[in-house]
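Input: a single structure, listed below in structure tokens.
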Amino acid sequence: MVPLTAAASAAGAVWDDLVAELPVGMLLQDELGVVLAGNRLAAELLGVRHEDLPGSCDPLGRSASDDSGAPLPSCAEIAAQVRRTGSPLTVPVVVARGGERHVRLWADHHLLVVHGQRQLLVVLHPVHTDVLRSRGLLDPLTGLPGRALLLDRLEQALIRARTCGTLASLVLLDVRQLAAVNARHGFRGGDELLTTLAGRLREGLRDDHTVARYGGDEFAVVAEHPNGSGEAVAERVLDLVSRSVRITGTRLRPAVRVGWVTSDGTADPHTMISHVETRLHR
């Protein structure tokens, strides 16, 4: 029989070899963001030396932002979110090197308990052109972020509001009587209406606002601001989408409703969505 310590040592060596050869970057961090271990691909993707990974603090946060250009939540904040939801969290990451964009990544965060200690396993995937669609994070009709990516962006906006003393607003837009448009102009006409509204929102709002397709006939906007409320954003959304639209050779004026809610970061995404949906549909 092989002694337990020898078997454990052999298993550890096999594990090290396996992790070293994986086609994804792997980081193991404590809840404060200190790197406990990482493979060479993780170091390469992050633009650091492999030997400098262990002991480094929050490597994603030092030279990275999300894909909207906003700073990432800290490792401790991400770990707290994963712990609250009980589900892994995927964060889009842009890593800079020398002030220039170096690489775009997906960072999958998984909370582990090792010997009674909470740790964070971060799996880094380079982003390819079709990864957003293949993961179902982009709406195939409009190309906007879908519901899953919207929730992630809203959660990150709330974290920044909570830690930086700013505000985050959620605006929901309901396209009313879409079924009637489909019945009169066909599904092609309904799709044309939705893509036109999506384009107006994307082009007419600020680049740092997230515009998403929340549901079949609903769009959402996440906006961050230092003060005030989401009312100004909601008014801008209403102005953009209430103008007449030409579809299948016919001009019509969309019937829309807009609702909004603003938080200082103390609310969670699902509470905000529930609140604004109640305001929207009452």
Exercise for the section: Check the side chains of T166 and H225 for a donor-acceptor pair under 3.5 angstrom, ignoring hydrogens and angles. Expected result: no
Handout entry: Donor-acceptor contact present, side-chain D139 to main-chain L144, <3.5 Å
Key = no
Problem - Distance-only side-chain donor-acceptor flag, R251 / S244, under 3.5 Å - result: yes
Fill in the blank from the handout: All heavy atoms of A220 vs all of L172, minimum pair found to be CB-CD2, 3.5 Å
Exercise for the section: Could you give me the CA-CA distance, side-chain angles and deciding distance for T250 and H185, then say whether side chain to side chain contact (heavy atoms under 4.5 Å, CB included) is met? Expected result: CA-CA 9 Å; T250 303; H185 301 277; 3.8 Å; yes
Exercise for the section: Would you sort out whether L154 and M272 count as a side chain to side chain contact (heavy atoms under 4.5 Å, CB included), showing the intermediate values? Expected result: CA-CA 9 Å; L154 180 56; M272 289 189 71; 4.2 Å; yes
Handout entry: Neighbour count above 12 (heavy atom, 6.0 Å) for R184 CZ
Key = no
Problem - R40 atom CZ, neighbour heavy-atom count above 12 within 6.0 Å - result: no
Handout entry: Beyond-backbone contact of L112 with L28, side-chain heavy atoms, under 4.5 angstrom
Key = yes
Handout entry: Pair E218 + R213, salt bridge at N-O below 4.0 Å
Key = no
Problem - D174 and V258: CA distance, side-chain angles, deciding distance, side chain to side chain contact (heavy atoms under 4.5 Å, CB included) verdict - result: CA-CA 6 Å; D174 178 26; V258 172; over 6 Å; no
Practice task
Mark yes or no for whether R246, through its side chain, and G249, through its backbone, hold a donor-acceptor pair below 3.5 Å.
Solution key: yes
Practice task
Answer yes or no: does atom CD of Q117 have more than 12 heavy-atom neighbours from other residues, nucleotides or ligands under 6.0 Å?
Solution key: no
Practice task
Check the surroundings of atom CZ in R188: do more than 12 heavy atoms from other residues, nucleotides or ligands lie under 6.0 Å from it?
Solution key: no
